[in-house]
Asker: 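Quick one: structure below, then a few questions.
Just so it is clear: chains get the letters A, B, ... in the order the sequence lines come, proteins before strands, and each one is counted from 1.
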There are 2 protein chains.
Amino acid sequence: MTVDDAEPLTRSSALSALAPLSFGTLTLWRAMHNFANDKLLELGLYPGQELILLQLYDSDGQTHTDLQRAVRLDHSTVSRTVRRMEQAGLLTRSPGKKDKRAMVVSLTDQGRALQPRVVELWSTVEAVMAEVLTNDRRADFIELAGRLEQTLLAARRSQKLSNADPAQEGI
Amino acid sequence: MTVDDAEPLTRSSALSALAPLSFGTLTLWRAMHNFANDKLLELGLYPGQELILLQLYDSDGQTHTDLQRAVRLDHSTVSRTVRRMEQAGLLTRSPGKKDKRAMVVSLTDQGRALQPRVVELWSTVEAVMAEVLTNDRRADFIELAGRLEQTLLAARRSQKLSNADPAQEGI
DNA sequence: AGCATTTACTTGGCCGGACACATAACTTGG
DNA sequence: CCAAGTTATGTGTCCGGCCAAGTAAATGCT
(Lines give C-alpha, C1' and ligand atoms only; values in the text may rest on other atoms or scores of the structure.)
Protein backbone atom coordinates (compact mmCIF):
# COMPACT_ATOMS: atom_id res chain seq x y z
CA MET A 1 0.00 0.00 0.00
CA THR A 2 1.50 3.27 -1.03
CA VAL A 3 0.68 6.87 -0.58
CA ASP A 4 -1.76 7.21 -3.42
CA ASP A 5 -4.43 5.23 -1.67
CA ALA A 6 -5.98 8.35 -0.27
CA GLU A 7 -9.53 7.97 -1.40
CA PRO A 8 -11.31 10.52 -3.53
CA LEU A 9 -10.99 12.41 -0.37
CA THR A 10 -12.94 14.41 1.96
CA ARG A 11 -10.48 17.22 2.32
CA SER A 12 -11.70 18.04 5.74
CA SER A 13 -8.59 17.45 7.77
CA ALA A 14 -7.62 19.69 10.62
CA LEU A 15 -4.84 20.91 8.39
CA SER A 16 -6.98 22.17 5.57
CA ALA A 17 -9.17 23.95 8.09
CA LEU A 18 -6.28 25.72 9.76
CA ALA A 19 -4.26 26.63 6.72
CA PRO A 20 -5.99 25.88 3.44
CA LEU A 21 -3.55 27.76 1.22
CA SER A 22 -0.55 26.07 2.75
CA PHE A 23 -2.04 22.64 3.00
CA GLY A 24 -3.43 22.90 -0.49
CA THR A 25 0.01 23.73 -1.76
CA LEU A 26 1.49 20.84 0.18
CA THR A 27 -0.94 18.22 -1.05
CA LEU A 28 -0.84 19.47 -4.62
CA TRP A 29 2.90 19.26 -4.56
CA ARG A 30 2.89 15.76 -3.18
CA ALA A 31 0.39 14.53 -5.73
CA MET A 32 2.37 16.05 -8.58
CA HIS A 33 5.63 14.77 -7.24
CA ASN A 34 4.39 11.23 -6.85
CA PHE A 35 2.76 11.21 -10.24
CA ALA A 36 5.94 12.41 -11.91
CA ASN A 37 8.05 10.03 -9.90
CA ASP A 38 6.55 6.91 -11.35
CA LYS A 39 7.47 8.08 -14.81
CA LEU A 40 10.87 9.27 -13.72
CA LEU A 41 11.83 5.89 -12.37
CA GLU A 42 11.02 4.34 -15.72
CA LEU A 43 13.71 6.58 -17.19
CA GLY A 44 16.18 5.56 -14.51
CA LEU A 45 16.13 9.04 -13.01
CA TYR A 46 15.43 10.21 -9.50
CA PRO A 47 13.33 13.24 -8.71
CA GLY A 48 15.18 16.47 -9.18
CA GLN A 49 17.59 15.06 -11.70
CA GLU A 50 15.21 15.71 -14.55
CA LEU A 51 15.12 19.38 -13.64
CA ILE A 52 18.84 19.63 -14.07
CA LEU A 53 18.63 17.85 -17.39
CA LEU A 54 15.91 20.20 -18.61
CA GLN A 55 17.98 23.15 -17.60
CA LEU A 56 20.95 21.80 -19.52
CA TYR A 57 18.86 21.02 -22.57
CA ASP A 58 17.98 24.67 -22.63
CA SER A 59 21.59 25.71 -22.36
CA ASP A 60 24.44 23.27 -21.99
CA GLY A 61 27.53 24.05 -19.97
CA GLN A 62 26.05 25.79 -16.96
CA THR A 63 27.77 26.03 -13.61
CA HIS A 64 26.46 24.68 -10.34
CA THR A 65 25.39 28.16 -9.34
CA ASP A 66 23.44 28.61 -12.55
CA LEU A 67 21.66 25.35 -11.91
CA GLN A 68 21.08 26.08 -8.26
CA ARG A 69 19.35 29.33 -9.05
CA ALA A 70 17.21 27.85 -11.77
CA VAL A 71 16.06 24.86 -9.80
CA ARG A 72 15.92 26.52 -6.39
CA LEU A 73 18.10 24.08 -4.58
CA ASP A 74 20.85 24.24 -2.05
CA HIS A 75 24.40 24.11 -3.34
CA SER A 76 25.08 20.92 -1.50
CA THR A 77 22.10 19.24 -3.12
CA VAL A 78 23.16 20.30 -6.58
CA SER A 79 26.69 19.21 -5.88
CA ARG A 80 25.80 15.69 -4.97
CA THR A 81 23.03 15.28 -7.47
CA VAL A 82 25.34 16.34 -10.25
CA ARG A 83 27.96 13.93 -9.04
CA ARG A 84 25.51 11.07 -9.07
CA MET A 85 24.42 12.00 -12.54
CA GLU A 86 28.03 12.08 -13.63
CA GLN A 87 28.56 8.60 -12.24
CA ALA A 88 25.43 7.50 -14.09
CA GLY A 89 27.03 8.78 -17.30
CA LEU A 90 24.47 11.50 -17.95
CA LEU A 91 26.85 14.44 -17.80
CA THR A 92 30.39 15.57 -17.17
CA ARG A 93 31.88 18.16 -14.88
CA SER A 94 34.99 20.21 -15.48
CA PRO A 95 36.48 23.31 -13.92
CA GLY A 96 35.79 26.51 -15.80
CA LYS A 97 38.56 28.01 -17.90
CA LYS A 98 38.36 31.52 -16.56
CA ASP A 99 37.24 30.60 -13.08
CA LYS A 100 38.67 27.34 -11.85
CA ARG A 101 36.23 27.21 -8.96
CA ALA A 102 33.17 27.12 -11.17
CA MET A 103 32.32 23.60 -12.22
CA VAL A 104 30.89 23.57 -15.69
CA VAL A 105 28.33 20.85 -16.26
CA SER A 106 27.89 19.43 -19.74
CA LEU A 107 25.62 16.76 -21.15
CA THR A 108 26.97 13.48 -22.46
CA ASP A 109 25.41 11.77 -25.45
CA GLN A 110 23.63 9.51 -23.05
CA GLY A 111 22.20 12.49 -21.18
CA ARG A 112 21.17 14.17 -24.38
CA ALA A 113 19.49 11.02 -25.57
CA LEU A 114 17.01 11.31 -22.73
CA GLN A 115 15.79 14.70 -23.87
CA PRO A 116 12.67 13.61 -25.74
CA ARG A 117 11.54 11.41 -22.90
CA VAL A 118 12.20 13.94 -20.18
CA VAL A 119 10.44 16.67 -22.10
CA GLU A 120 7.52 14.36 -22.74
CA LEU A 121 7.32 13.52 -19.07
CA TRP A 122 6.94 17.10 -17.99
CA SER A 123 4.63 17.85 -20.83
CA THR A 124 2.43 15.02 -19.66
CA VAL A 125 2.32 16.29 -16.10
CA GLU A 126 1.51 19.73 -17.40
CA ALA A 127 -1.19 18.39 -19.68
CA VAL A 128 -2.85 16.41 -16.92
CA MET A 129 -3.01 19.51 -14.78
CA ALA A 130 -4.07 21.82 -17.58
CA GLU A 131 -6.85 19.61 -18.80
CA VAL A 132 -9.16 20.52 -15.96
CA LEU A 133 -8.56 24.25 -16.22
CA THR A 134 -9.79 26.90 -18.55
CA ASN A 135 -7.07 29.03 -20.04
CA ASP A 136 -8.00 31.88 -17.77
CA ARG A 137 -7.83 29.81 -14.66
CA ARG A 138 -4.61 28.28 -15.80
CA ALA A 139 -3.01 31.68 -16.25
CA ASP A 140 -4.45 32.72 -12.92
CA PHE A 141 -2.93 29.81 -11.13
CA ILE A 142 0.48 30.42 -12.62
CA GLU A 143 0.35 34.06 -11.68
CA LEU A 144 -0.79 33.29 -8.17
CA ALA A 145 1.85 30.65 -7.60
CA GLY A 146 4.53 33.05 -8.76
CA ARG A 147 3.29 35.83 -6.57
CA LEU A 148 3.03 33.59 -3.53
CA GLU A 149 6.53 32.30 -4.08
CA GLN A 150 7.94 35.81 -4.22
CA THR A 151 6.05 36.79 -1.11
CA LEU A 152 7.38 33.83 0.81
CA LEU A 153 10.93 34.39 -0.37
CA ALA A 154 10.74 38.00 0.70
CA ALA A 155 9.25 37.07 4.06
CA ARG A 156 12.01 34.59 4.66
CA ARG A 157 14.69 37.09 3.78
CA SER A 158 13.39 39.76 6.10
CA GLN A 159 12.93 37.20 8.84
CA LYS A 160 16.54 36.11 8.51
CA LEU A 161 17.78 39.65 8.50
CA SER A 162 16.00 40.52 11.69
CA ASN A 163 17.34 37.40 13.32
CA ALA A 164 20.87 38.07 12.17
CA ASP A 165 20.75 41.71 13.18
CA PRO A 166 18.55 42.00 16.25
CA ALA A 167 20.00 45.44 17.03
CA GLN A 168 17.69 46.82 14.37
CA GLU A 169 14.64 45.72 16.23
CA GLY A 170 15.20 47.72 19.35
CA ILE A 171 15.39 51.03 17.54
CA MET B 1 24.95 30.54 0.90
CA THR B 2 21.64 28.81 0.98
CA VAL B 3 18.80 28.30 -1.34
CA ASP B 4 16.93 31.51 -0.69
CA ASP B 5 19.45 33.59 -2.52
CA ALA B 6 17.50 33.35 -5.71
CA GLU B 7 17.11 36.96 -6.60
CA PRO B 8 13.78 38.67 -6.99
CA LEU B 9 13.77 36.51 -9.96
CA THR B 10 13.22 36.61 -13.57
CA ARG B 11 11.14 33.51 -13.76
CA SER B 12 12.27 32.79 -17.25
CA SER B 13 13.89 29.42 -16.82
CA ALA B 14 13.50 26.70 -19.36
CA LEU B 15 11.36 24.94 -16.81
CA SER B 16 8.78 27.62 -16.40
CA ALA B 17 8.52 27.87 -20.16
CA LEU B 18 7.97 24.16 -20.65
CA ALA B 19 5.64 23.50 -17.74
CA PRO B 20 4.53 26.62 -15.94
CA LEU B 21 1.84 24.96 -13.83
CA SER B 22 4.15 22.23 -12.65
CA PHE B 23 7.16 24.40 -12.12
CA GLY B 24 5.07 27.03 -10.42
CA THR B 25 3.80 24.41 -8.03
CA LEU B 26 7.30 23.15 -7.40
CA THR B 27 8.82 26.52 -6.67
CA LEU B 28 5.90 27.64 -4.55
CA TRP B 29 6.18 24.49 -2.52
CA ARG B 30 9.89 24.92 -2.01
CA ALA B 31 9.53 28.54 -0.93
CA MET B 32 6.80 27.65 1.52
CA HIS B 33 8.66 24.65 2.82
CA ASN B 34 11.85 26.58 3.43
CA PHE B 35 10.05 29.45 5.06
CA ALA B 36 8.23 27.12 7.45
CA ASN B 37 11.38 25.14 8.11
CA ASP B 38 13.24 27.96 9.73
CA LYS B 39 10.46 28.33 12.25
CA LEU B 40 10.10 24.62 12.70
CA LEU B 41 13.70 24.19 13.70
CA GLU B 42 13.24 26.78 16.41
CA LEU B 43 10.63 24.47 17.90
CA GLY B 44 12.96 21.50 17.68
CA LEU B 45 10.79 19.88 15.03
CA TYR B 46 11.63 18.60 11.60
CA PRO B 47 9.43 19.17 8.58
CA GLY B 48 6.46 16.86 8.49
CA GLN B 49 6.39 16.30 12.22
CA GLU B 50 4.30 19.37 12.79
CA LEU B 51 1.66 17.99 10.46
CA ILE B 52 1.31 14.93 12.61
CA LEU B 53 1.06 17.06 15.71
CA LEU B 54 -1.64 19.21 14.17
CA GLN B 55 -3.57 16.14 13.22
CA LEU B 56 -3.34 14.84 16.77
CA TYR B 57 -4.34 18.19 18.25
CA ASP B 58 -7.49 17.88 16.24
CA SER B 59 -8.14 14.38 17.48
CA ASP B 60 -5.80 12.51 19.76
CA GLY B 61 -5.32 8.78 19.56
CA GLN B 62 -5.24 8.21 15.83
CA THR B 63 -3.62 5.24 14.17
CA HIS B 64 -0.79 5.33 11.68
CA THR B 65 -3.25 4.80 8.87
CA ASP B 66 -5.38 7.71 10.00
CA LEU B 67 -2.32 9.92 10.03
CA GLN B 68 -1.04 8.61 6.74
CA ARG B 69 -4.28 9.46 4.99
CA ALA B 70 -4.50 12.90 6.52
CA VAL B 71 -0.96 13.92 5.79
CA ARG B 72 -0.59 12.09 2.49
CA LEU B 73 2.51 10.15 3.35
CA ASP B 74 3.76 6.65 2.86
CA HIS B 75 3.28 4.22 5.73
CA SER B 76 6.99 3.79 6.10
CA THR B 77 7.49 7.51 6.47
CA VAL B 78 4.81 7.79 9.11
CA SER B 79 6.19 4.78 10.90
CA ARG B 80 9.64 6.21 11.31
CA THR B 81 8.58 9.78 11.88
CA VAL B 82 6.29 8.68 14.67
CA ARG B 83 9.03 6.62 16.20
CA ARG B 84 11.39 9.59 16.19
CA MET B 85 8.76 11.76 17.74
CA GLU B 86 8.21 9.13 20.40
CA GLN B 87 11.92 9.12 21.16
CA ALA B 88 11.78 12.89 21.35
CA GLY B 89 9.07 12.55 23.97
CA LEU B 90 6.32 14.20 21.94
CA LEU B 91 3.98 11.25 21.79
CA THR B 92 3.45 7.62 22.71
CA ARG B 93 2.47 4.58 20.69
CA SER B 94 0.50 1.60 21.88
CA PRO B 95 -1.28 -1.26 20.17
CA GLY B 96 -5.00 -0.79 19.75
CA LYS B 97 -7.33 -2.68 22.07
CA LYS B 98 -9.62 -4.12 19.46
CA ASP B 99 -7.01 -4.41 16.73
CA LYS B 100 -3.59 -5.21 18.05
CA ARG B 101 -1.99 -4.35 14.72
CA ALA B 102 -3.12 -0.76 14.73
CA MET B 103 -0.72 1.46 16.61
CA VAL B 104 -2.57 4.20 18.41
CA VAL B 105 -0.62 7.44 18.66
CA SER B 106 -1.25 9.74 21.59
CA LEU B 107 0.21 13.07 22.60
CA THR B 108 2.34 13.45 25.70
CA ASP B 109 2.18 16.58 27.81
CA GLN B 110 5.32 17.72 26.09
CA GLY B 111 3.73 17.24 22.70
CA ARG B 112 0.58 19.00 23.74
CA ALA B 113 2.59 21.89 25.11
CA LEU B 114 3.78 22.69 21.61
CA GLN B 115 0.27 23.22 20.31
CA PRO B 116 0.13 27.01 20.53
CA ARG B 117 3.47 27.39 18.83
CA VAL B 118 2.77 24.90 16.09
CA VAL B 119 -0.60 26.43 15.38
CA GLU B 120 0.94 29.87 15.33
CA LEU B 121 3.58 28.70 12.91
CA TRP B 122 1.10 27.49 10.36
CA SER B 123 -1.09 30.50 10.89
CA THR B 124 1.87 32.68 10.13
CA VAL B 125 2.65 30.86 6.92
CA GLU B 126 -0.97 31.11 5.94
CA ALA B 127 -1.10 34.79 6.77
CA VAL B 128 1.99 35.58 4.74
CA MET B 129 0.48 33.87 1.74
CA ALA B 130 -2.97 35.31 2.22
CA GLU B 131 -1.81 38.87 2.64
CA VAL B 132 -1.13 39.34 -1.04
CA LEU B 133 -4.42 37.85 -2.17
CA THR B 134 -7.93 39.14 -2.28
CA ASN B 135 -10.47 36.85 -0.70
CA ASP B 136 -11.71 35.82 -4.10
CA ARG B 137 -8.32 34.92 -5.37
CA ARG B 138 -7.56 33.12 -2.18
CA ALA B 139 -10.63 30.96 -2.50
CA ASP B 140 -9.81 30.44 -6.14
CA PHE B 141 -6.37 29.20 -5.38
CA ILE B 142 -7.58 26.78 -2.76
CA GLU B 143 -10.18 25.41 -5.09
CA LEU B 144 -7.72 25.08 -7.94
CA ALA B 145 -5.11 23.36 -5.82
CA GLY B 146 -7.69 20.87 -4.60
CA ARG B 147 -8.93 20.15 -8.08
CA LEU B 148 -5.46 19.73 -9.45
CA GLU B 149 -4.55 17.36 -6.66
CA GLN B 150 -7.58 15.18 -7.33
CA THR B 151 -6.82 15.16 -11.04
CA LEU B 152 -3.26 14.06 -10.45
CA LEU B 153 -4.26 11.38 -7.97
CA ALA B 154 -6.79 10.02 -10.43
CA ALA B 155 -4.27 10.11 -13.26
CA ARG B 156 -1.77 8.22 -11.17
CA ARG B 157 -4.29 5.59 -10.22
CA SER B 158 -5.35 4.90 -13.76
CA GLN B 159 -1.76 4.85 -14.88
CA LYS B 160 -0.92 2.23 -12.29
CA LEU B 161 -3.91 0.15 -13.18
CA SER B 162 -3.03 0.05 -16.83
CA ASN B 163 0.53 -0.90 -15.98
CA ALA B 164 -0.56 -3.61 -13.61
CA ASP B 165 -3.16 -4.97 -15.99
CA PRO B 166 -1.85 -4.53 -19.52
CA ALA B 167 -4.33 -7.07 -20.86
CA GLN B 168 -6.98 -4.39 -20.65
CA GLU B 169 -5.17 -2.26 -23.15
CA GLY B 170 -5.41 -4.59 -26.07
CA ILE B 171 -9.16 -4.89 -25.93
C1' DA C 1 52.25 43.03 -3.67
C1' DG C 2 49.67 41.23 0.52
C1' DC C 3 46.02 40.27 3.49
C1' DA C 4 40.94 40.19 4.26
C1' DT C 5 36.69 39.21 2.03
C1' DT C 6 33.74 37.02 -1.04
C1' DT C 7 32.53 33.32 -4.08
C1' DA C 8 32.07 28.37 -5.77
C1' DC C 9 31.90 24.16 -4.53
C1' DT C 10 32.53 19.88 -1.25
C1' DT C 11 31.65 16.99 2.85
C1' DG C 12 29.37 15.16 6.82
C1' DG C 13 25.34 14.50 9.18
C1' DC C 14 20.57 14.20 9.88
C1' DC C 15 15.77 13.81 8.49
C1' DG C 16 11.95 13.29 4.86
C1' DG C 17 10.10 10.42 1.65
C1' DA C 18 9.34 6.47 -1.45
C1' DC C 19 9.51 1.45 -2.75
C1' DA C 20 10.02 -3.41 -1.92
C1' DC C 21 9.84 -6.82 1.12
C1' DA C 22 8.79 -9.04 5.69
C1' DT C 23 5.69 -9.97 9.64
C1' DA C 24 1.84 -10.10 12.73
C1' DA C 25 -3.10 -9.78 13.24
C1' DC C 26 -7.62 -9.68 11.58
C1' DT C 27 -11.25 -11.51 8.14
C1' DT C 28 -13.57 -14.60 5.25
C1' DG C 29 -15.03 -18.61 2.54
C1' DG C 30 -15.70 -23.58 2.86
C1' DC D 1 -12.35 -24.34 12.72
C1' DC D 2 -8.70 -23.63 9.20
C1' DA D 3 -6.42 -22.04 5.05
C1' DA D 4 -6.17 -18.05 1.98
C1' DG D 5 -6.44 -13.28 1.52
C1' DT D 6 -6.30 -8.62 3.48
C1' DT D 7 -4.72 -5.07 6.51
C1' DA D 8 -1.49 -2.41 9.69
C1' DT D 9 3.10 -1.80 10.56
C1' DG D 10 8.09 -2.39 10.57
C1' DT D 11 12.82 -2.60 8.11
C1' DG D 12 16.33 -1.92 4.71
C1' DT D 13 17.95 0.93 1.25
C1' DC D 14 18.55 4.73 -1.67
C1' DC D 15 18.01 9.49 -3.06
C1' DG D 16 16.45 14.47 -2.08
C1' DG D 17 17.22 18.26 0.58
C1' DC D 18 18.88 21.28 4.18
C1' DC D 19 22.44 23.27 7.40
C1' DA D 20 26.96 23.87 9.13
C1' DA D 21 31.63 23.78 8.46
C1' DG D 22 35.64 23.40 5.41
C1' DT D 23 38.69 24.28 1.18
C1' DA D 24 40.22 26.58 -2.86
C1' DA D 25 40.14 30.29 -6.10
C1' DA D 26 39.12 35.06 -7.34
C1' DT D 27 38.48 39.99 -5.76
C1' DG D 28 39.21 44.06 -3.24
C1' DC D 29 41.37 47.22 -0.48
C1' DT D 30 45.42 49.54 1.13
Asker: When the distance from CG of A/Leu73 to P of D/dC15 is rounded to whole Å, what number comes out?
Answerer: 16 Å
Asker: Between C/dA8 atom P and A/His64 atom NE2, what is the distance in whole Å?
Answerer: 12 Å
Asker: Consider the side chain of B/Asp38, meaning its heavy atoms from C-beta on, and name the nucleotide among D/dT9, D/dC19, C/dC9 that approaches it most closely.
Answerer: D/dC19
Asker: Quick one: is A/Arg84 getting a side-chain N or O under 4.0 Å of the D/dC14 phosphate, OP1 or OP2?
Answerer: no
Asker: Grab the CG-P distance between A/Leu51 and D/dG16 for me, whole Å please.
Answerer: 11 Å
Asker: Specify the residue among A/Lys98 and B/Val104 whose closest nucleotide of DNA chain D lies further upstream toward the 5′ end.
Answerer: B/Val104
Asker: Going by distance alone, is a donor N or O of one side chain under 3.5 Å from an acceptor N or O of the other, for B/Thr134 and B/Asp136?
Answerer: no
Asker: Could you check how far CE of B/Met103 sits from P of C/dA25, rounded to whole Å?
Answerer: 12 Å
Asker: Among A/Ile52, A/Val71, A/Leu73, find the residue that satisfies the side-chain contact (heavy atoms from CB on, under 4.5 Å) test when tested with A/Thr81.
Answerer: A/Ile52
Asker: Whole Å only: how far is the OH atom of B/Tyr46 from the C1' atom of D/dC18?
Answerer: 11 Å
Asker: When you measure from the side chain of A/Gln49, which nucleotide among D/dG10, C/dG16, D/dC15 comes out closest?
Answerer: D/dC15
Asker: Check every atom of C/dC19, C/dA24, C/dT6 against the side chain of B/Arg101 and return the nucleotide holding the closest atom.
Answerer: C/dA24
Asker: Pick the closest DNA chain C nucleotide for A/Asp99 and for A/Arg80 by heavy atoms, then say which residue is nearer the 5' end.
Answerer: A/Asp99
Asker: Of the candidate nucleotides D/dC18, C/dT10, D/dA8, which contains the atom at the shortest distance from the side chain of B/Thr65?
Answerer: D/dA8
Asker: Specify the separation, in whole Å, of atom NZ of A/Lys100 and atom C1' of C/dT6.
Answerer: 19 Å
Asker: Evaluate B/Leu90 against B/Leu45 for side-chain contact (heavy atoms from CB on, under 4.5 Å), listing each step before the verdict.
Answerer: CA-CA 10 Å; B/Leu90 298 170; B/Leu45 296 175; 3.6 Å; yes
Asker: Would one find a side-chain N or O of B/Arg93 under 4.0 angstrom from OP1 or OP2 of D/dG10?
Answerer: yes
Asker: Examine C/dA18: is either OP1 or OP2 under 4.0 Å from a nitrogen or oxygen in the side chain of B/Ser76? Give yes or no.
Answerer: no
Asker: If I take atom CG in residue B/Leu41 and atom C1' in nucleotide C/dG13, what distance separates them, rounded to the nearest angstrom?
Answerer: 14 Å
Asker: Should A/Ser79 be listed as having a side-chain N or O under 4.0 Å from OP1 or OP2 of C/dT10?
Answerer: yes
Asker: Figure out the CD/P separation between B/Gln68 and D/dT9, and round it to whole Å.
Answerer: 9 Å
Asker: Using a strict threshold of under 4.0 Å (side-chain N to carboxylate O), is an ion pair present between A/Asp140 and A/Arg137?
Answerer: no
Asker: Looking across every strand, which nucleic acid part, if any, lies under 4.0 Å from A/Arg83 by heavy atom: base, sugar-phosphate, or nothing?
Answerer: sugar-phosphate
Asker: Show the numbers, then the answer: is there a side-chain contact (heavy atoms from CB on, under 4.5 Å) between A/Val128 and A/Val125?
Answerer: CA-CA 5 Å; A/Val128 167; A/Val125 176; 5.9 Å; no
